[in-house]
Amino acid sequence: MEEVILEQIDAADWVYRGEGAANLVLAYTGSHPAFIGKVIRIQKAPRNGKRRVNGNGQFTAHEQLVWGEITELMSSSSTRENLEQLYVKHVICPFLGPKHVDAGMRVRVTKEFLESVEKNVICKRPAWRVDAAQVDTYCDSVLLISDHSLFPNGTLKSGACISVEIKPKCGFLPSSRFIAEGNAIKRCVTRFEMHQALKLHQKEISELSRYNPLDLFSNSRDRICKAIKALYATPQNNFRVFLNGSLIFGGLSGSAGSTSFVTSEAFEDALKAVIQADNGLRAMSFIQLVADAVYTSGVLNHLLEVQKLDTLDIEGAIHAYYNIISQPCMVCRELNENKVSDCFTSLHSIPLDESLKIVKDFLIAATAKDCSLILCFRPREGEDAGSLYNNIHFESTKQSFDYKACFIDLDLKPLNKMEYYYELDKRIVCFYTQMMKMEDGADKAFRRNNYGSILR
Ligand SMILES: O=P(O)(O)O[C@@H]1[C@@H](OP(=O)(O)O)[C@H](OP(=O)(O)O)[C@H](O)[C@H](OP(=O)(O)O)[C@H]1OP(=O)(O)O
Ligand SMILES: Nc1ncnc2c1ncn2[C@@H]1O[C@H](COP(=O)(O)OP(=O)(O)OP(=O)(O)O)[C@@H](O)[C@H]1O
Ligand SMILES: [Zn+2]
C-alpha cells in the first residue's frame with residue numbers, strides 16, 4: 001500500500017474515543033478503506049514540561065542490555081514509538097496470541113494534523129486530563145490499531161455491537177521468598193485491595209472498590225460473575241461499556257464513581273439495543289453474558305501466566321536491577337549491615353544474564369498487570385457456521401452472540417521505573433499495615449469499652 005500521511009485536512013475524520021495518562025485515542029469516521037474500523041493512538045506530552053518516566057527517544061544503554069537478546073527489538077533504527085510497537089509484536093503477542101493482540105502499525109502524520117486534532121477534541125477531554133497533558137505535536141507518527149469495540153466490516157445493518165473494557169490488574173498473590181517479614185500481608189491481601197486503601201486516603205477515589213481480581217482470574221464461573229458484578233457496582237477505571245463505540249457506562253478517560261440508581265437505569269435503557277430481556281433484567285443479563293465470555297474464552301488464563309513472570313516480586317527484582325545498572329544497591333544500603341539477609345547478598349552475586357532475565361520478566365509482567373481486555377459482542381442472527389468469531393449461546397435471553405477478546409494498552413514499561421515500583425510497593429504495604437493496626441487497636445478498644453460497660 002502506498003504510504004498514507006495524515007494531514008490537516010484529515011483531522012476532521014477522527015473523533016475522540018478516550019485517553020489514559022499517556023495516549024489520546026481517536027476513532028475514524030471517514031471513508032478511507034485503510035482506516036475504517038481503526039483507531040489511532042497519539043502520544044501526549046505533559047504540560048509541566050517534564051517527560052513522562054516512560055520516556056521518549058530510544059532505549060537507554062541499560063535497556064539495551066535487558067532487551068538485547070530480542071533481536072527484532074534491536075535491529076531497528078528505531079524511535080521509542082517503533083520500539084513500543086515492536087515490543088507488542090515480538091514480546092507480548094507470542095504470549096497472548098495474535099488473535100487477542102493487534103500490535104498495529106505506525107502511520108505518518110504532519111504537525112498540522114496533530115495540532116488540528118488537538119483543537120477538535122479539546123472540548124471532549126476531561127478538564128483534568130487537559131491540564132495534565134497535551135498532544136505531543138513533535139511526534140511524526142501515530143499508532144494505527146483495530147477498533148476493538150467494533151467488529152471489522154460491521155455495517156449498521158449487521159446490528160448493534162456492545163463492548164466491555166476491563167482493566168483486571170494483578171490476579172495473583174505473590175509468594176516470593178524475598179518478601180520481608182514485615183510485608184507478609186502481601187501474601188494474603190491483593191495488591192489491588194491494598195492500593196485502594198492508599199488511593200482513598202489520597203482522595204484519588206471516593207469509595208473503595210468491591211472488585212477482587214482473584215475472583216476474576218479464578219476460573220470459577222460464580223466467582224467471575226461476582227467479580228463482574230463488583231466491577232459494575234464500583235467501576236472506577238476498571239470497567240467501561242461501549243455501544244457501537246460510544247460510552248454507555250463508566251468513566252470516559254478516568255475513574256467513575258460508584259453506580260447510582262440513575263446510572264443503572266440509564267444503562268438498562270441503553271442495553272435495549274442488544275439484550276432482549278425485560279426492563280430491570282437487562283443489566284444483570286449483560287453481566288452474566290460478560291462473565292460467561294470471560295469464563296469460556298479462557299483469555300485471562302494466558303494473561304495470568306504472563307503476570308506470573310514476576311516470580312521474585314519487586315522486593316527481589318530490585319536487587320537484580322542494581323546489578324544491571326552497576327550501582328550500589330540502595331535497598332541493601334538502607335537495611336543496616338547485619339539485617340541484609342543472605343538471600344539478598346546471594347542475589348548480588350548472580351551472573352549478569354540472570355539479573356537481566358529477572359528484570360526483563362518483571363517488566364513484561366508489569367505490562368500484563370496494567371493492560372485492559374476488550375470483549376466485544378454482537379447478536380448473531382440465524383446460524384452462521386462460517387463465522388470467524390467465538391460464539392456464545394446465552395440461555396437466559398435465548399440469544400446467540402459472536403464475541404472476540406482483545407488486549408489493549410500493552411505498553412513497554414521503562415527500566416528506570418524500577419525504583420519507583422519499589423517505593424510505591426513500600427508505600428502501599430506500609431499504609432495498609434498501619435491502617436490494619438489502627439483498626440485492630442480501635443477494635444480492641446471498642447471491645448474493651450463494651451465488655452467494660454457489660455461488666456459495670
Ligand atoms: O502502578 P499502578 O498499579 O497504580 O498502575 C498504574 C495505573 O494506575 P491504576 O491502574 O489506576 O492503579 C495507571 O492508570 P491511570 O493513569 O491511573 O488510569 C497507568 O496505567 C500506569 O501506567 P503508565 O505510567 O501509564 O505506563 C500504571 O503504572 P504501572 O505500575 O503499570 O507502571
Ligand atoms: N484498540 C482500541 N479499540 C477501542 N478502544 C480503544 C483502543 N485502544 C484504546 N482504546 C480506548 O482508549 C482508552 C485509552 O487508551 P489507552 O489505555 O491505550 O491509553 P493510555 O494513555 O496508554 O492509558 P494508561 O493511563 O493506562 O497509560 C482506553 O481506555 C479505551 O477505552
Ligand atoms: Zn540489594
Side-chain angles (χ1 to χ4, degrees), residues 16-28 37-44 52-55 84 88 101-104 128-129 132-133 143-150 163-170 178 191-192 194-196 198-199 204-205 209 213 236-242 245-247 250-255 314-323 327-335 340-341 343-349 355 362-363 365-374 376 406-414 417-418 420-425 427-428:
Y16 187 74
R17 169 57 63 78
E19 67 191 288
N23 297 281
L24 190 67
V25 176
L26 308 179
Y28 188 61
K38 305 275 180 188
V39 298
I40 47 174
R41 202 162 173 246
I42 305 180
Q43 202 172 318
K44 295 193 290 184
R52 277 167 60 83
V53 70
N54 282 28
E84 296 274 358
V88 176
V101 175
D102 175 15
W128 68 275
R129 287 282 193 203
L143 188 67
L144 180 74
I145 30 178
S146 308
D147 186 339
H148 296 309
S149 59
L150 301 174
S163 61
V164 54
E165 179 183 340
I166 301 174
K167 190 180 197 184
K169 301 302 289 188
C170 181
F178 296 103
R191 155 66 174 247
F192 182 80
M194 290 193 281
H195 201 176
Q196 283 283 306
L198 182 65
K199 284 183 175 184
E204 284 171 34
I205 51 172
S209 173
Q236 295 192 2
N237 64 353
N238 304 99
F239 190 77
R240 302 186 174 91
V241 183
F242 298 85
S246 301
L247 187 81
L252 190 59
S253 315
S255 194
I314 187 62
E315 290 188 53
I318 190 73
H319 301 274
Y321 168 73
Y322 284 109
N323 293 344
Q327 282 188 19
C329 175
M330 300 306 273
V331 174
C332 289
R333 206 169 81 172
E334 267 178 30
L335 296 169
V340 175
S341 84
C343 65
F344 295 157
T345 319
S346 64
L347 260 184
H348 285 301
S349 51
S355 291
F362 180 89
L363 293 175
T367 296
K369 291 176 189 177
D370 192 44
C371 68
S372 296
L373 170 70
I374 298 188
C376 185
C406 299
F407 291 101
I408 59 164
D409 199 2
L410 295 160
D411 290 340
L412 167 66
K413 302 292 176 180
K417 231 182 160 180
M418 290 297 285
Y420 165 83
Y421 286 144
Y422 182 78
E423 291 305 323
L424 178 63
D425 184 72
R427 243 185 304 139
I428 290 173

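We use all heavy atoms of the structure for the numbers below, so side chains are in, but hydrogens, waters and symmetry mates are not. This structure is a prediction, so every number in the text was calculated from the model and none was measured. Position 1 is the first residue of the sequence, and the numbers go up from there. Every number for a ligand or one of its atoms is a count from 1 in the order of the listing.
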What heavy-atom pair brings [X] and [Y] nearest, and what distance separates the two atoms?
{"X": "G245", "Y": "S149", "value": "CA-OG, 3.9 Å"}
{"X": "P168", "Y": "C371", "value": "CD-O, 3.4 Å"}
{"X": "A366", "Y": "Y421", "value": "CB-OH, 4.1 Å"}
{"X": "I374", "Y": "S163", "value": "CG2-CB, 4.0 Å"}
{"X": "V39", "Y": "A27", "value": "CG1-CA, 4.1 Å"}

Would you say [X] and ligand 2 have an N/O pair spaced under 3.5 Å apart?
{"X": "G20", "value": "yes"}
{"X": "R129", "value": "no"}
{"X": "A22", "value": "yes"}
{"X": "H148", "value": "yes"}
{"X": "A21", "value": "yes"}

Ligand 1 contacted by [X] (non-hydrogen, < 4.0 Å):
{"X": "N237", "result": "yes"}
{"X": "K169", "result": "yes"}
{"X": "L424", "result": "yes"}
{"X": "E204", "result": "no"}
{"X": "Y420", "result": "no"}
{"X": "K369", "result": "no"}

ask   = Do the side chains of L143 and N23 get nearer than 4.5 Å, heavy atoms only?
value =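 Result no, sub-4.5 Å side-chain heavy-atom pair not found.
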inquiry  = Could you tell me if the side chain of R17 sits less than 4.5 Å from the side chain of L26, heavy atoms only?
reply    = no
Option nearest [atom] (shortest heavy-atom distance, choices [options]):
{"atom": "atom 14 (O) of ligand 1", "options": "Q236, R129, K167", "result": "K167"}
{"atom": "atom 18 (O) of ligand 2", "options": "R41, K167, E19, K38", "result": "R41"}
{"atom": "atom 21 (C) of ligand 1", "options": "I428, L412, D370", "result": "D370"}
{"atom": "atom 4 (C) of ligand 2", "options": "D147, V25, I408", "result": "D147"}

Numbering the atoms of ligand 2 from 1, which are under 4.0 Å from a heavy atom of [X]?
{"X": "E165", "value": "28 (C), 29 (O), 30 (C), 31 (O)"}
{"X": "R240", "value": "29 (O)"}
{"X": "V39", "value": "1 (N), 2 (C)"}
{"X": "R17", "value": "4 (C), 5 (N)"}

remark   = side chain to side chain contact (heavy atoms under 4.5 Å, CB included) filter on C329, not counting sequence neighbours, yields H319, Y322, V331, C332, H348
Where on [X] is there a heavy atom closer than 4.0 Å to ligand 1, on the side chain, on the backbone, on both, or on neither?
{"X": "D409", "value": "neither"}
{"X": "H195", "value": "side chain"}
{"X": "K413", "value": "side chain"}

key: Closest approach to the Zn ion (ligand 3) by H319, given as the N, O or S atom name   = ND1
task = Tell me which part of D411 gets within contact of ligand 2: side chain, backbone, both or neither, using heavy atoms under 4.0 Å.
result =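 For D411, the contact with ligand 2 is made by the side chain alone.
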message = Please classify the S372 to ligand 2 contact at 4.0 Å (heavy-atom distances, strictly less than): side chain, backbone, both or neither.
response =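 None of S372 does.
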message = When you compare the side chains of S372 and R240, does any donor N or O come within less than 3.5 Å of an acceptor on the partner?
response = no
Under 3.5 Å donor-acceptor, [X] side chain and [Y] backbone:
{"X": "K413", "Y": "M418", "answer": "no"}
{"X": "D147", "Y": "G37", "answer": "no"}
{"X": "D411", "Y": "D370", "answer": "no"}
{"X": "D102", "Y": "S146", "answer": "yes"}
{"X": "E84", "Y": "L412", "answer": "yes"}

task = Could you grab the angle centred on the Zn ion (ligand 3), going from SG in C329 to NE2 in H348, to 10°?
result = 110°
key: ligand 1 atoms in contact with A21 (distance to a heavy atom under 4.0 Å)   = 16 (O)
ask   = Non-hydrogen atoms of K44 versus ligand 2: any pair closer than 4.0 Å?
value =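 The answer is no, since K44 has no heavy atom less than 4.0 Å from ligand 2.
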Spacing of NZ belonging to K38 relative to NE2 belonging to H148, to within rounding of 0.5 Å =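 Here the interatomic distance stands at 9.0 Å.
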request  = Could you check Y321, Y420, F362, F178 and say which one makes a side chain to side chain contact (heavy atoms under 4.5 Å, CB included) with I314?
outcome  = F362
